[in-house]
Amino acid sequence: MDRVRVATWNVNSVKQRVARLLPWLDERRPDVVCLQELKVTDVVFGELLGDELAARGYEAAVHGQAQWNGVAILSRVGLDDVVNGLVDGPGFPDQEARAVAATCGGVRVHSVYVPNGREVDSEHYRYKLAWLKALRDVVADGPEDVMVCGDVNIAPADADVYEPGAFEGHTHVTGPEREALAAFHALGLRDVVRDRWPTERIFTYWDYRAAMFQRDLGMRIDLVLASGSVAARAKAAWVDRQARKSAGSKAAEPKTAGPSDHAPVLVDLDEAPDGDVGPVVPPPSAPRAGKSVKAPR
DNA sequence: ATGACTTCAGATTGAAGA
């Protein structure tokens, strides 16, 4: 197998994004696509995109929900053992459509939309932390070759927000949220984009208001986390800022063709060392996930 | 600045997002 391109994109309503999503698939040609905030049911997703995706060679695992949430994985390198939701995951009060997993080209891929948290110490915030713990447990119990892709609604470090002072006392930057992210690193997962660009100013989300994108005042809250075995295969990793841009004029951009407030994140993986079938013996720098092994640093 | 913009549900306004 050739290189595999994996992408994640919070589309903020797939219904409003069809006119951007399809051309973007044709231009970037990702092999695996994790989508979040579909905001439609499985049925509506199929009506909107089923034929168009099949024509492009994608299978789709869709865990939709009307109005809010909704996640999916598109793949043209296989889509096996699909699981909707999180085993033993919390609800608010019922489980929401925030996670879907599938095995694509030998890698366990999770597309996630982590709860927002709203206000620090609120019920929503506690729900967010409990949800992250449930996701951590699912990853820990899963295969070694794993990717967690999606909108985590946490900026991993102060460098991942445009102005740390603007977020004091708010969600997305608090210690407990960052500790919940660190639990994935303790399993051996790497932040692929930050690893590749250690000091770069990189954002994936910009508020629609106040021309935040044009001023590059954003947050990096959409991540690709990968086990050491998979991260070692990453040959490129970047944010597709082009997809966040508006068209040149109102006339050129009807209301149905505006951008999401999130940009896609893309990662190119070289083929697996042993081809692409079956588990790979982890190198010393890639401890097996979940077995109380400390992260290498 | 309890704003700004965009989404959905369903109504001509409110909730939610981050």
Side-chain angles (χ1 to χ4, degrees), chain A residues 8-21 35-45 47-49 64-72 91-94 96-99 112-129 131-132 150-178 180-181 202-223 239 241 243-247 249-250 253-265:
Chain A
T8 182
W9 192 6
N10 179 326
V11 293
N12 186 16
S13 172
V14 76
K15 187 180 294 183
Q16 300 301 325
R17 222 60 62 205
V18 168
R20 279 189 177 244
L21 176 60
L35 299 174
Q36 301 88 35
E37 284 212 78
L38 303 178
K39 298 187 176 180
V40 295
T41 61
D42 296 7
V43 170
V44 172
F45 185 95
E47 291 169 354
L48 286 169
L49 287 168
Q65 182 177 322
Q67 186 173 4
W68 307 116
N69 309 311
V71 289
F92 202 94
D94 300 316
E96 301 173 301
R98 293 179 175 276
V112 303
Y113 175 46
V114 175
N116 172 289
R118 299 191 192 178
E119 303 292 333
V120 177
D121 291 331
S122 66
E123 284 295 327
H124 291 272
Y125 181 81
R126 287 187 283 276
Y127 170 51
K128 179 180 195 174
L129 296 177
W131 197 94
L132 285 160
D151 177 357
V152 302
N153 271 319
I154 301 168
D158 284 350
D160 296 311
V161 296
Y162 66 88
E163 170 55 64
F167 292 87
E168 280 180 26
H170 293 275
T171 59
H172 294 60
V173 300
T174 67
E177 290 168 287
R178 288 175 171 171
L181 261 190
I202 304 172
F203 301 134
T204 65
Y205 162 85
W206 300 259
D207 196 298
Y208 281 128
R209 294 169 291 189
M212 295 290 268
F213 178 70
Q214 290 80 350
R215 298 154 67 199
D216 196 28
L217 302 178
M219 310 172 74
R220 192 174 71 94
I221 55 176
D222 299 87
L223 305 182
V239 176
R241 291 174 52 95
R244 179 62 179 80
K245 295 180 180 176
S246 297
S249 66
K250 285 263 168 64
E253 183 174 279
K255 194 174 183 179
T256 53
S260 169
D261 43 3
H262 295 250
V265 181

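A note on names: the letters A, B, ... follow the listed sequences, proteins ahead of strands, and every chain is numbered from 1. Here the structure is a predicted model, which means the values were calculated and not measured.
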Can you tell me if [X] touches the phosphate of [N], counting only side-chain N or O atoms and a distance under 4.0 Å to OP1 or OP2?
X         : N       : answer
Arg118(A) : dA15(B) : no
Ser13(A)  : dC8(B)  : yes
Asn153(A) : dA18(B) : yes
Gln16(A)  : dC8(B)  : yes

Between [M] and [N], how far apart are the [atom1] atoms? Round to whole Å, please.
N       : M       : atom1 : value
dG14(B) : dA18(B) : P     : 22 Å
dG10(B) : dA4(B)  : P     : 24 Å
dA1(B)  : dA15(B) : P     : 23 Å

Expressed in angstrom and rounded to an integer, what is the separation of [X] atom [atom1] from [N] atom [atom2]?
X         : N       : atom1 : atom2 : result
His172(A) : dA16(B) : NE2   : P     : 15 Å
Gln36(A)  : dA16(B) : CD    : P     : 21 Å
Phe213(A) : dT6(B)  : CZ    : C1'   : 16 Å
Trp206(A) : dG17(B) : CH2   : C1'   : 17 Å
Trp68(A)  : dT7(B)  : CH2   : P     : 12 Å
Phe167(A) : dG17(B) : CZ    : C1'   : 13 Å
Leu217(A) : dC5(B)  : CG    : P     : 15 Å
Asp261(A) : dT7(B)  : CG    : C1'   : 9 Å

Is it true that a side-chain atom of Arg20(A) and a backbone atom of Ser260(A) form a donor plus acceptor pair closer than 3.5 Å?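 No; zero donor-acceptor contacts below 3.5 Å.
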
How about Glu163(A): does its CD atom have over 12 heavy atoms from other parts shown lying under 6.0 Å from it?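 Counting other residues, nucleotides and ligands, CD of Glu163(A) exceeds 12 neighbours.
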
From the options Asp222(A), Thr8(A), Asn10(A), select the one residue that forms a side chain to side chain donor-acceptor pair (under 3.5 Å) with Gln36(A).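 When side chain to side chain donor-acceptor pair (under 3.5 Å) is applied between Gln36(A) and each of Asp222(A), Thr8(A), Asn10(A), only Thr8(A) qualifies.
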
Determine the contact category for [X]: base if any of its heavy atoms lies under 4.0 Å from a base atom, sugar-phosphate if only primed atoms, P, OP1 or OP2 are that close, otherwise nothing.
X         : result
Asn69(A)  : nothing
Tyr113(A) : sugar-phosphate
His262(A) : sugar-phosphate
Met212(A) : nothing
Asn116(A) : base

Is Arg178(A) salt-bridged to Asp158(A), cutoff N-O under 4.0 Å?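 Salt bridge between Arg178(A) and Asp158(A), a charged N being under 4.0 Å from a carboxylate O: yes.
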
Nearest listed nucleotide, side chain of Glu37(A), among dA9(B), dA15(B), dA18(B):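 Given the options dA9(B), dA15(B), dA18(B), the side chain of Glu37(A) is closest to dA18(B).
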
Between Ala210(A) and Glu119(A), who's closer to the 5' end of DNA chain B by nearest nucleotide?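 It is Ala210(A), whose closest nucleotide lies nearer the 5' terminus.
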
Select from Arg209(A) and Val14(A) the residue whose nearest nucleotide in DNA chain B is closer to the 5' end of that strand.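 The 5'-side residue here is Arg209(A).
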
Determine whether the aromatic ring centres of Tyr205(A) and Tyr162(A) lie less than 6.0 Å apart.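 Not close enough - the centres of the two rings lie 6.0 Å or further apart.
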
Side chain to side chain contact (heavy atoms under 4.5 Å, CB included) between Phe213(A) and Arg241(A), intermediate numbers included: CA-CA 9 Å; Phe213(A) 178 70; Arg241(A) 291 174 52 95; 3.9 Å; yes

